[in-house]
Amino acid sequence: QVLLEESGGGLVQAGGSLRLSCAASGRTFGLYKMGWYRQAPGKDRDFVGEIVWSGGSTNYADAVKDRFTISRDNTKETIYLQMNRVKPEDSAVYYCWAKPYTTPDLYWGQGTQVTVSS
């Protein structure tokens, strides 16, 4: 089992920056991708972005690709979501996920709250 723990959420003003972290533990040796989804109250859970663990290639949802960046730290088994120029519509619970090579299913973290004030 892979365990994922998000951190770094909080309250930030529109136009500011925030960095989320997702630390992986357990059986992390067979991971293919990791990334982020987000869910605002009353809304569906939306894709934010992802990173391929080997090589570090990324892709993003159109709503965030000019403002957010996903990176990884191999020594710490952690990925990050750098959020710049945040907007009120970025307010959501952000969930980290991980995709192993051997199964079609995703592992999920518990989420971290991001609130952007206007």
Side-chain angles (χ1 to χ4, degrees):
Q1 186 76 11
V2 175
L3 302 178
L4 304 175
E5 185 174 10
E6 304 98 331
S7 62
L11 178 64
V12 61
Q13 281 195 314
S17 296
L18 202 65
R19 190 179 76 161
L20 308 184
S21 299
C22 177
S25 61
R27 300 185 65 187
T28 61
F29 50 85
L31 295 180
Y32 172 40
K33 298 179 181 179
M34 295 181 67
W36 300 88
Y37 273 73
R38 67 185 183 184
Q39 187 169 28
K43 303 292 185 180
D44 293 333
R45 186 174 295 191
D46 292 328
F47 176 78
V48 174
E50 64 185 11
I51 185 167
V52 178
W53 194 258
S54 179
S57 63
T58 57
N59 71 88
Y60 303 93
D62 288 342
V64 307
K65 65 169 46 177
D66 58 335
R67 299 180 294 117
F68 293 5
T69 303
I70 297 174
S71 60
R72 75 200 195 285
D73 186 334
N74 291 328
T75 63
K76 297 181 178 179
E77 299 182 326
T78 299
I79 66 165
Y80 305 93
L81 181 66
Q82 180 65 48
M83 307 168 62
N84 296 327
R85 293 178 283 121
V86 296
K87 304 174 181 179
E89 51 262 45
D90 295 322
S91 295
V93 177
Y94 283 71
Y95 296 93
C96 178
W97 58 265
K99 170 71 172 67
Y101 282 104
T102 56
T103 74
D105 299 319
L106 300 179
Y107 297 102
W108 291 94
Q110 295 301 306
T112 185
Q113 176 71 53
V114 173
T115 303
V116 181
S117 62
S118 58

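Residues take their numbers from the sequence shown, with the count starting at 1.
- Counting only heavy atoms from C-beta outward, the side chains of Met83 and Leu81 approach each other to under 4.5 Å.
- Across all non-hydrogen atoms, the minimal contact from Pro88 to Ser118 is CG-CB, 3.9 Å.
- Tyr107 places a side-chain heavy atom less than 4.5 Å from the side chain of Pro100.
- Here the straight-line distance linking atom OG1 of Thr58 with atom NZ of Lys65 works out to 10.0 Å at 0.5 Å rounding.
- Taking CD1 of Ile51 as the reference point, atom SG of Cys22 lies at 11.5 Å (rounded to 0.5 Å).
- Side-chain N/O atoms of Arg19 and Tyr80 include no donor and acceptor closer than 3.5 Å.
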>> Determine whether Asp90 and Arg38 satisfy the following criterion, side chain to side chain contact (heavy atoms under 4.5 Å, CB included), listing intermediate values before the conclusion.
In response: CA-CA 9 Å; Asp90 295 322; Arg38 67 185 183 184; 2.9 Å; yes
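- Taking the six-membered ring wherever Trp is involved, the centroid distance between the rings of Phe68 and Trp36 does not fall below 6.0 Å.
- For the residue pair Ser17 and Asn84, a side-chain donor N or O sits within less than 3.5 Å of a side-chain acceptor on the partner.
- The CD1 atom of Ile79 sits 10.0 Å away from atom CG of Leu31, with the distance rounded to the nearest 0.5 Å.
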> Where do Thr69 and Tyr60 land on the side chain to side chain contact (heavy atoms under 4.5 Å, CB included) test, with the steps shown first?
Replying inline: CA-CA 8 Å; Thr69 303; Tyr60 303 93; 3.8 Å; yes
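- A donor-acceptor pair shorter than 3.5 Å cannot be found between the side chains of Gln39 and Asp44.
- You'll find the side chain of Ser91 stays beyond 4.5 Å of the side chain of Val114, heavy atoms only.
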>> I'd like to know whether Val116 forms a side chain to side chain contact (heavy atoms under 4.5 Å, CB included) with Gln13, so could you lay out the CA-CA distance, the side-chain angles of the two residues, the decisive distance to 0.1 Å, and finally the verdict.
In response: CA-CA 5 Å; Val116 181; Gln13 281 195 314; over 6 Å; no
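- In this structure the side chain of Glu50 reaches within 4.5 angstrom of the side chain of Asn59, judged on heavy atoms.
- Under 3.5 Å, the side chains of Asp73 and Thr75 contain a donor-acceptor pair of N or O atoms.
- Residues Trp53 and Arg72 come closest through the heavy atom pair O-NE, 2.8 Å.
- Tyr95 and Met34 are assigned to two separate hydrophobic clusters, defined by single-linkage of ILVMFWY side chains at heavy-atom distances under 4.5 Å.
- There is a path of hydrophobic side-chain contacts, each under 4.5 Å, that joins Tyr94 to Val64.
- A distance of 8.0 Å separates CG of Asp105 from NZ of Lys99, quoted to the nearest 0.5 Å.
- Although no hydrogens or angles enter the test, the distance criterion places a donor-acceptor pair under 3.5 Å between the side chain of Glu6 and the main chain of Gly111.
- With rounding to the nearest 0.5 Å, the separation of OG in Ser21 from CG in Leu4 is 12.5 Å.
- Taking the six-membered ring where the residue is Trp, the centroids of Tyr37 and Phe47 are separated by under 6.0 Å.
- Val12 has its side chain out of reach of Thr115: every pair of non-hydrogen atoms, C-beta onward, lies at least 4.5 Å apart.
- Between Leu11 and Ser117, the closest heavy-atom pair is CD1-CB, 4.2 Å.
- Around atom CZ of Arg27, no more than 12 heavy atoms belonging to other residues, nucleotides or ligands sit under 6.0 Å away.
- No more than 12 heavy atoms of other residues, nucleotides or ligands lie within 6.0 Å of CD in Glu5, so this atom counts as exposed by the packing criterion.
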